[in-house]
Every structure is written in C-alpha cells, then in structure tokens.
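Reviewing the structure listed below.
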Amino acid sequence: MRQVRDDIAGERDEAARERRATPRRRGRVPAALLIPAGVGLLFLVLPLVGLVIRAPWTTLPQRLTEPGALTALRLSVQTATLATALCLLLGVPLAWVLARVEFPGRRLVRALVTVPLVLPPVVGGVALLLVFGRRGLLGGWLDTTFGITLPFTTTGVVLAEAFVAMPFLVIAVEGALRAADHRYEEAAATLGASRWTAFTHVTLPLVAPGLAAGAVLCWARALGEFGATITFAGNYPGRTQTMPLAVYLALETDLESAIVLSLVLLVVSVGILVALRDRWMSTA
Amino acid sequence: MSDALLDARVVVDRGAFRLDVPLRVAPGEVVALLGPNGAGKTTALRALAGLHPLTAGHVTLDGVDLDRPATGGWVPTERRPIGVVFQDYLLFPHLSAVDNVAFGPRRHGVERRAARATAREWLTRVGLDAQARHRPRQLSGGQAQRVALARALAVAPSLLLLDEPLAALDARTRLDTRAELHRHLSAHAGATVLVTHDPLDALALADRLVIVEGGRVVQEGDGPSVTARPRTDYVARLVGLNLYRGRADGHGVRVSPELTLTVADRLDGEAFVAFRPAAVALHPARPEGSARNTWAGTVVGVQRHGDNVRVQLDGPIGVAADVTPAAAAHLRLIPGQRVWAAVKATETQAYPATG
C-alpha cells in the first residue's frame with residue numbers, strides 16, 4: 001500500500017518536473033542568436049582583459065604618482081564635467097524647444113543637432129578652428145573685442161568636448177520629453193504655474209531619469225574625446241592634454257605607461273558610471 | 001439669470017466640426033454637460049480652462065473677459081481663477097499627495113509652510129489625512145480622485161471644471177465617491193461645470209443638465225424635467241424611454257403615416273410623445289379596448305433587461321417593450337414573429353417640440 005502511494009507520488013513528481021521543464025525547453029535561446037551574442041561580448045570585453053593582463057603591476061604605484069598622469073586625469077575629469085554642464089545649460093532648452101514648440105524647419109534643426117554625431121571628430125575640430133580660431137569667423141572678433149582666445153586653451157578643450165557630446169544629451173532629453181505626458185504641464189497651468197514654472201517644477205522632475213541618462217552619456221563621450229580636442233585645443237600638458245591625448249602620446253614612447261594611463265581612465269569612467277547608475281538609473 | 005458668475009458662449013471650430021455651446025452658471029450652481037463621446041464636451045471644458053482658444057463667442061467669469069476673440073481679450077490658463085479635475089487626474093507623480101495639493105497655493109504666492117497647512121486641511125476634508133505623504137502611485141483610484149479634487153479646490157477657484165470625474169473608477173468606488181463628490185460640489189461657492197457621458201453622474205451631481213450632441217445644445221433643464229420630457233433619441237435612450245416626434249391635433253399625435261397615438265395631454269402642432277418600455281403590452285392578436293393605442297409589429301430583438309425581458313419591435317414605429325419572462329415565454333417571442341403592441345393613452349407623456 002505504502003509502496004503504491006510512493007509510486008503515485010513519484011509519478012506525480014515526475015509529471016510536475018516535466019511540466020516545469022516544458023516552458024524551459026520551449027524558451028531555450030536559439031544558437032543562431034546565442035553564438036553571435038557571445039562573440040560580441042568577447043569582442044567588447046577581451047581588449048579590456050588584455051589591458052589588465054599586460055599592465056605593469058609591479059611598477060604601477062610608482063607610475064601612478066608620476067605628476068603627468070594625475071594632471072591629465074584631473075584635467076580630463078574637470079573638462080568633461082564642465083562640458084557636461086555647458087551641454088545641460090544649452091542642450092536641455094534646445095531639447096525642450098524641439099520637443100514642445102512647433103516651428104517650420106523643425107525637422108531640419110533636429111537633423112542639424114545630430115550632425116556632430118556622424119561627423120568625424122577631427123573634422124569637428126577643424127570646423128571649430130574655422131569659427132573660433134584667431135582668424136576664424138567669430139574668433140577674431142572675440143580676440144579684438146574681449147581679448148578672449150579659445151583655441152589651444154583649457155576653455156577650448158571644454159568647447160571641443162561639448163561640441164561632440166551635446167547631441168547625446170539633446171537626443172536623450174528630447175526623447176524623454178516626448179515620452180512625458182505634456183498634459184501634466186496643462187495641469188500645472190490650471191494651478192497657476194507659468195510655462196517656466198511648469199518646466200522647472202513639473203517637466204524637469206518628470207524627465208529626470210532621461211536627463212540623468214543623457215548627462216552620463218554626454219559626460220562619458222566628453223571624457224573620451226580625442227579628435228576634436230587635439231585639433232582645436234592642441235596637446236599642451238597641464239593645459240589641454242587630457243587623458244586620451246596623454247595615452248596617445250605615451251604610446252609613441254612608452255607602451256607600459258600608455259597601458260597604465262588607459263587603465264586609470266577605464267577605472268575612473270567605469271567607477272563614476274556605476275556610481276551614477278546606482279544613484280539615478282535605478283529609478284528609471 | 002443676470003447673476004450668472006460664468007457667462008460663456010463657447011465656439012470652437014475643429015476642421016468641419018463646430019462646437020457652439022452657450023453656458024451660464026450661477027454662483028454655487030453645478031451644471032453638467034452631458035453628451036455622447038465626440039459631442040465636444042471635453043473641448044468645451046478645455047476652452048473654459050484656456051487650454052484651447054475660442055474661435056468665436058466669449059468666456060466671461062465674474063465680469064472679466066477670459067477669452068473674447070472679437071476684441072482680442074485673453075487671459076492665459078495660469079492666470080484664470082479656475083480649478084480643473086482631469087479625467088485621469090494628472091497628479092504629479094514626483095510629488096506626495098500633500099505637495100500635489102499645495103502646488104496650486106504655492107503658485108498663487110502662498111508661502112511654503114502656509115501652503116502645506118492649507119493642503120493638509122483639504123486632505124483632511126476629503127478624508128485622506130493619513131495618505132498625505134503618499135505618492136500618487138501608492139493611492140487607489142478613489143483616493144487619487146479625491147486628491148485631484150482637493151488640489152483643484154485648494155486654490156479657491158471661482159470656476160471649478162471636472163472632466164468625467166468618476167469615469168476612471170470601478171463600480172463600487174464610484175458609488176461612494178459620487179456621494180462624496182456631491183457633498184463637496186454642494187459646498188463649493190463658485191460655479192461648477194462638469195462633463196460626463198454618464199446620466200447617473202449628471203443627475204446625482206448637477207443642479208442643471210445641458211445636453212450636447214454634435215457640438216450643439218439639444219436640451220437643457222433640471223434633472224426631473226430632462227428625464228421626464230426628453231427631446232432627442234440620445235436623451236430618451238439615456239433615461240430609458242420610447243420617444244417619438246409627430247404632429248399633434250388635440251389628443252392625437254401622428255408619429256408615422258400609418259400611426260396616430262392617442263395621448264392624455266391635449267396639444268397642437270409639432271410634439272413629442274414619450275412612454276416607458278414597461279408601459280407597452282404585447283399580445284398575440286389585436287387586443288380589444290378603445291383606451292389603448294395598438295399596432296402590429298415584428299420582433300427584431302429579445303434581451304434580458306433586469307428582471308424582465310426587453311423586446312425590440314419594428315413596425316410603423318420602432319419600440320422597446322419590457323415584458324415579464326412569463327409573458328415572453330407565453331408569447332414565444334422570437335425574432336421575426338408578428339405581435340401586437342398596446343399602450344394606454346394615460347401612460348404617455350406628450351409635450352410640444354418647440355420652446
């Protein structure tokens with residue numbers, strides 16, 4: 001009797017196991033997707049692994065404290081942060097106008113905003129020189145009227161980084177604004193909020209996750225900027241030599257120090273991204 | 001009605017559609033704009049709020065032109081003394097209930113702490129003191145509705161506007177919330193305009209009904225007069241009456257070339273005749289008796305309707321008849337069958353179609 005009951009229980013277990021297994025079998029990932037996905041992941045991660053493996057760990061502490069490395073790092077973080085601030089200041093209103101105001105040629109403007117995305121950064125640097133250079137369209141006037149020189153200065157680095165990074169912010173924020181229900185702004189208006197107050201008190205908090213994502217993308221792009229910076233701002237240690245430039249320069253003379261600089265840039269950028277992600281993105 | 005707080009003629013063109021609704025609302029009065037979807041009710045509400053400009057006409061509140069295209073008079077939404085309860089409430093998701101309610105007072109220049117205190121008072125009044133710190137997504141539908149009402153009332157608006165205030169609620173919550181909403185609307189000293197497609201909401205909440213169909217006012221009046229004497233098929237359907245229009249000549253109203261209904265009321269000219277489906281009796285053969293209107297019709301539909309069976313008849317006039325299940329079984333009602341309908345003259349309501 002007992003045996004029979006156990007058998008029945010066993011069968012039931014088996015049936016249950018099969019039922020559980022069925023959806024798993026049906027949900028198996030097709031190899032045609034899994035294999036390229038794995039290769040893609042390796043392709044992205046292997047170079048970083050190479051960087052870690054080839055790092056001169058024994059001389060690392062000493063190399064890290066070399067003044068050049070820390071100066072370039074500080075300059076990179078400072079300029080990327082300033083560039084992001086500039087992008088927020090100009091890019092958020094631009095995104096708002098693109099998302100909320102109907103005007104002729106809006107599609108053209110939207111296309112223009114994304115041009116720096118597809119433009120090779122070096123070309124962007126050349127274009128900046130043509131406008132803000134000492135003989136440029138605005139540069140000459142800025143120089144003679146205000147005595148402001150932009151090329152080959154730290155400000156120039158910030159401008160070059162902002163130029164290439166701003167589209168990331170504008171696109172992210174405009175997308176968030178379009179996705180946000182504009183009727184919240186109408187509700188704010190019925191409660192006595194002007195359009196500006198509605199923007200600061202209702203719209204901005206609503207799109208905060210998108211804004212944060214855009215700012216992080218923008219900052220990361222600015223931190224890694226190379227082509228426009230070296231073209232427009234040059235490569236002066238302490239003034240315009242950011243980490244990517246320092247890495248490139250070191251590569252020509254000393255591979256090991258190039259690896260160390262690269263590792264530092266990697267750790268700092270990943271660290272900051274992870275920290276921001278926990279702080280902001282989790283609510284998104 | 002010279003003491004109207006709100007005096008408006010809302011004219012809005014949207015493509016081929018024209019909304020033209022005159023509206024006068026006295027202080028403390030609650031007017032319901034009732035109509036089918038697409039009648040233009042919400043557009044009218046948005047125009048009153050300044051969220052949609054008028055094409056013509058005017059919106060005058062307490063003697064001030066808020067919108068008058070003819071003179072260019074325009075007061076933007078944020079400077080109108082209004083409160084709006086939106087259909088899906090639109091509570092700001094990033095603010096707590098109390099901060100949602102305090103938002104209006106803050107924008108009207110009230111200092112932060114005082115605005116919070118006012119908001120707390122309002123939340124207490126709508127019975128949500130305990131939920132003050134909750135975010136909108138932590139509130140139930142009924143609670144969110146009450147926060148939205150508190151938020152709209154917290155700025156002491158001269159004109160309160162409600163767009164389908166109960167439509168997003170389930171049946172049970174709706175009943176409770178309707179009663180509570182009625183209490184708050186009665187207490188509101190300003191004018192109230194609410195938009196709904198639900199006749200029950202309109203009858204329960206409003207002092208006066210304005211029925212809008214296809215952008216026009218088709219009927220206006222208090223609840224009892226509108227429900228007793230509907231003037232369009234839409235209203236008749238809403239209140240569940242059979243309604244016909246015809247020419248009256250004494251006690252007879254000719255509602256179709258083949259049928260003249262005898263009515264109890266005496267009148268002449270264009271007239272409406274209305275009667276309840278339950279007043280219609282069905283017979284397998286022509287019934288005897290002179291005090292009845294009788295005509296032959298074909299059954300086109302049979303449905304359960306509460307405890308009874310509702311029978312749709314085609315014939316000289318289309319008519320809905322409510323009969324008991326026993327009678328329906330006895331008559332063996334099936335679509336296509338011929339039956340005789342009978343209505344007593346005393347069961348009919350006849351009234352002039354003009355004025």
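Naming: A, B, ... by sequence-line order, numbering from 1 per chain.
Comparing B/Glu78, B/His94, B/Arg80 by how many heavy-atom pairs each has under 4.5 Å with chain A, the most go to B/Glu78. When each of B/Arg79, B/Arg106, B/Arg151 is scored by its heavy-atom pairs under 4.5 Å with chain A, the top score falls to B/Arg151.
Looking at A/Ala198, neither its backbone nor its side chain comes within 4.5 Å of chain B, counting heavy atoms on both sides. For chain A, no part of B/Leu161 is nearby; none of its heavy atoms comes within less than 4.5 Å. For A/Thr197, the part lying under 4.5 angstrom from a heavy atom of chain B is the side chain only.
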Please list, one pair per line, the donor and acceptor atoms closer than 3.5 Å that link side chains of residues 155-177 of chain A to other protein atoms, with sequence neighbours excluded.
from, atom 1, to, atom 2, distance (Å)
A/Glu161, OE1, A/Thr79, OG1, 3.3
A/Glu161, OE1, A/Ala80, N, 3.2
A/Glu161, OE2, A/Thr79, OG1, 3.3
A/Glu174, OE2, A/Arg110, NE, 3.0
A/Glu174, OE2, A/Arg110, NH2, 3.2
A/Glu174, OE2, A/Arg178, NE, 2.8
A/Glu174, OE2, A/Arg178, NH2, 3.3

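Side-chain contact of A/Glu185 with A/Thr203: a donor-acceptor pair under 3.5 Å is present, judged by distance alone.
Partner of A/Val92 under the side chain to side chain contact (heavy atoms under 4.5 Å, CB included) criterion, chosen from A/Leu204, A/Val207, A/Val97: A/Leu204.
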Does the salt bridge (charged side-chain N to carboxylate O under 4.0 Å, His left out) test come out yes or no for B/Arg183 and B/Glu180, once each step is laid out? CA-CA 5 Å; B/Arg183 196 161 57 80; B/Glu180 211 205 335; 3.6 Å; yes
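Within the 4.5 Å cutoff, the side chain of A/Leu191 has heavy atoms near those of the B/Phe92 side chain.
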